[in-house]
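Just so it is clear: chains get the letters A, B, ... in the order the sequence lines come, proteins before strands, and each one is counted from 1.
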Amino acid sequence: MKVRTRFAPSPTGFMHVGNLRTALYEYLIAKSLGGDFVLRIEDTDQERKVEGAVDIIYNTMKEAGLKHDEGPDIGGEYGPYVQSERKDMYIPYAEELIKKDKAYRCFCTKERLDSLRENSDDPGAGYDRHCRDLPQEEIQRLLDEGTPYVIRQKMPLEGSTTFEDAVYGTISVDNSELQDQILIKADGFPTYNFANVIDDHTMNITHVVRGSEYLSSTPKYNLLYESFGWDIPVYVHLPLIMGKNDDGSISKLSKRHGATSFEDLVKAGFLPQAIINYIALLGWAPKDNREMFTLEELVENFEISGISKSPAVFDYNKLEWFNGEYIKAMSVEEFAETAMPYFRKAVPDKELDWVKVASILQQRTTKLTDIPEKIGFFNALPEYDKELFVNKKSKTTLENAPGLLKAGIEALESLSKWDHDSIHDCLIGLAQKLEVKNGTAMWPVRIAASGMAVTPGGAVEILDILGRDESLARLYKGLQMLQEQ
RNA sequence: GGCCCGAUGGUCAAGCGGCUAAGACACCGCCCUUUCACGGCGGAAACACGGGUUCGAUUCCCGUUCGGGUCACCA
């Protein structure tokens, strides 16, 4: 039988990295086993609908490279792929369960349920099964009166339910722990719990992959499959992704931990491939040491047995490292293009040789958002203090800097060609002539040209990018500043 | 609170009865160097605890502790 997995997000308006990782693993399981990956939209909660939320799902998956084989946008033979469009098919299944005495109509009001909860000191009290054994005449009377009702699953009172999970192994739960959960809501829509089972079965899903928060409700699903006499899918529950709190404790990754949706992460300067690579390794490890994987390579190497059981803390540091690796692996041209929006942000008024800018930046960029502050000095020389000319390692002081800078200006002015090599040879030659270390000759020039203690690239690269006129103007300005008392 | 799951350095993680317990990120030091990076080399850092089983437990079993999840007309 062909392996089929599904990603079934509800359109909430953003794609949490936990969801994205679930989608990724679902994709990887399907593709590594030669199967199909299905996208299904779970919008049974009509009150929580968010405008444009489905587009975010499409965009994220597209940017992440997770191509689905079937879905609302591309169709497929198991459609429709949006639950609200499948609404009519759930009730007959629920009624079938009622006939089989595996479900029942419950006429309890929301108010009664609420007060039930409030008046109990047991946090896990739950529904009291008030309507579980209503006499047939009573049911008919309520129905005739048009009393709204929900359909609940009739859990066995005794015994236990056992299931196999591909990562957690055998899990067994006493049936007495199981609530008579709602299958069909008063508005006629199925709950997630019910729709999931029906959809997964009717769509021929073979591997149900989801976060481990569903582990404890899985017995209820199993009972549903058994009631219908359906084959039970392979369950693959994934460890949760956690975030570190300020006090050092950890909890489920959420907004307070920083950027947690794919969009936020991209906005924060991370590359989609780096994000995918990183989250693939959050909860899964290959047999060897390998860390760098393209999506295709992940497909080749992915194995369910490599999935870990314990929750993993999301580490922005490591993500940044991955991002830096991906940036370094690009060609300069590619990097220049990727970084262009950030270049433009820092240098809106000028045309520079962007590939040259990219080349000095590429090796030292881990996050695209760090770029603007690094190159703002190209746009305009910042105000700076002349103390910047003092540097112990380069052996520059306020006393020798003016002379050094003056000599630099004179040497540079005599240059017939203004390009990287000429500037380089000129400045190196100057250092030799003055019998000082290269750094001693370079430091005052770089400071005067940039006004910054730390810059991407050295004096040579900066002068080259700045161009002759602008460079010399800045050097003169620096010299003037040094000579003022 | 009941139930379920988990536990190797700060973080991600190899390990699946016998190892000086890998590796990566972060951190520290040194080297390289035209600042900062990059790169190279080195360092510090872990099997939660207590019982078993065994010739031998990080590894298997049982407790304890700690962490997480779950108990909705949300998904």
What is the pairing partner of [N], taking Watson-Crick or G-U wobble pairs with both distances under 3.5 Å in any strand?
N: C25(B); value: G10(B)
N: U59(B); value: none
N: G39(B); value: C31(B)
N: G1(B); value: C71(B)
N: C47(B); value: none

Could you tell me if K185(A) sits above the aromatic ring of F194(A), with its cationic atom closer than 6.0 Å to the ring centre and no more than 45 degrees from the axis?
no
Whole-Å distance separating the CD atom of Q179(A) from the P atom of U70(B)
15 Å
Between C1' of A75(B) and CG of N19(A), the distance in whole Å
10 Å
Verify the distance criterion only: is there a donor paired with an acceptor across the side chains of [X] and [Y] at less than 3.5 Å?
X: Y192(A); Y: D45(A); value: no
X: N196(A); Y: Y221(A); value: no
X: N175(A); Y: E158(A); value: no
X: T218(A); Y: H237(A); value: yes
X: D199(A); Y: Y81(A); value: no

What's Y214(A) touching, base or sugar-phosphate or nothing? Going by heavy atoms closer than 4.0 Å.
base
Closest to the T44(A) side chain, choosing from G2(B), A75(B), G69(B):
A75(B)
Are side-chain heavy atoms of I447(A) and L405(A) found at a separation under 4.5 Å?
no
R117(A): side-chain contact (heavy atoms from CB on, under 4.5 Å) partners, not counting sequence neighbours:
L113(A), D114(A)
How does protein contact run along nucleotides 4-17 of chain B, one letter per nucleotide 5' to 3', with B for base contact, S for sugar-phosphate only, - for none, heavy atoms under 4.0 Å?
SSSS--SSSSS---
Show each protein N/O and nucleotides 33-42 of chain B N/O combination with a separation under 3.5 Å, one pair to a line.
from	atom 1	to	atom 2	distance (Å)
U34(B)	OP1	N438(A)	ND2	3.3
U34(B)	O2	A459(A)	N	2.9
U35(B)	O4'	R446(A)	NH2	3.4
U35(B)	O2'	A453(A)	O	3.2
U35(B)	O2	R446(A)	NH1	3.2
U35(B)	O2	T455(A)	N	2.9
U35(B)	O2	T455(A)	O	3.2
U35(B)	N3	T455(A)	O	2.7
U35(B)	N3	G457(A)	O	3.0
U35(B)	O4	G457(A)	N	3.2
U35(B)	O4	G457(A)	O	2.5
U35(B)	O4	G458(A)	N	3.2
C36(B)	O2	R364(A)	NH1	2.8
C36(B)	N3	R364(A)	NH1	2.1
C36(B)	N4	R364(A)	NH1	3.4
C38(B)	O3'	K328(A)	NZ	3.2
C38(B)	O2'	Q363(A)	NE2	3.1

Which residue lies more 5' along RNA chain B, comparing Y192(A) with E177(A) via nearest heavy atoms
E177(A)
With P as the reference atom in both, quote the distance from C19(B) to A26(B) in angstrom, rounded to an integer.
32 Å
Option among R129(A), K220(A), R152(A), Q153(A) that satisfies the side chain to side chain donor-acceptor pair (under 3.5 Å) test with D180(A):
R129(A)
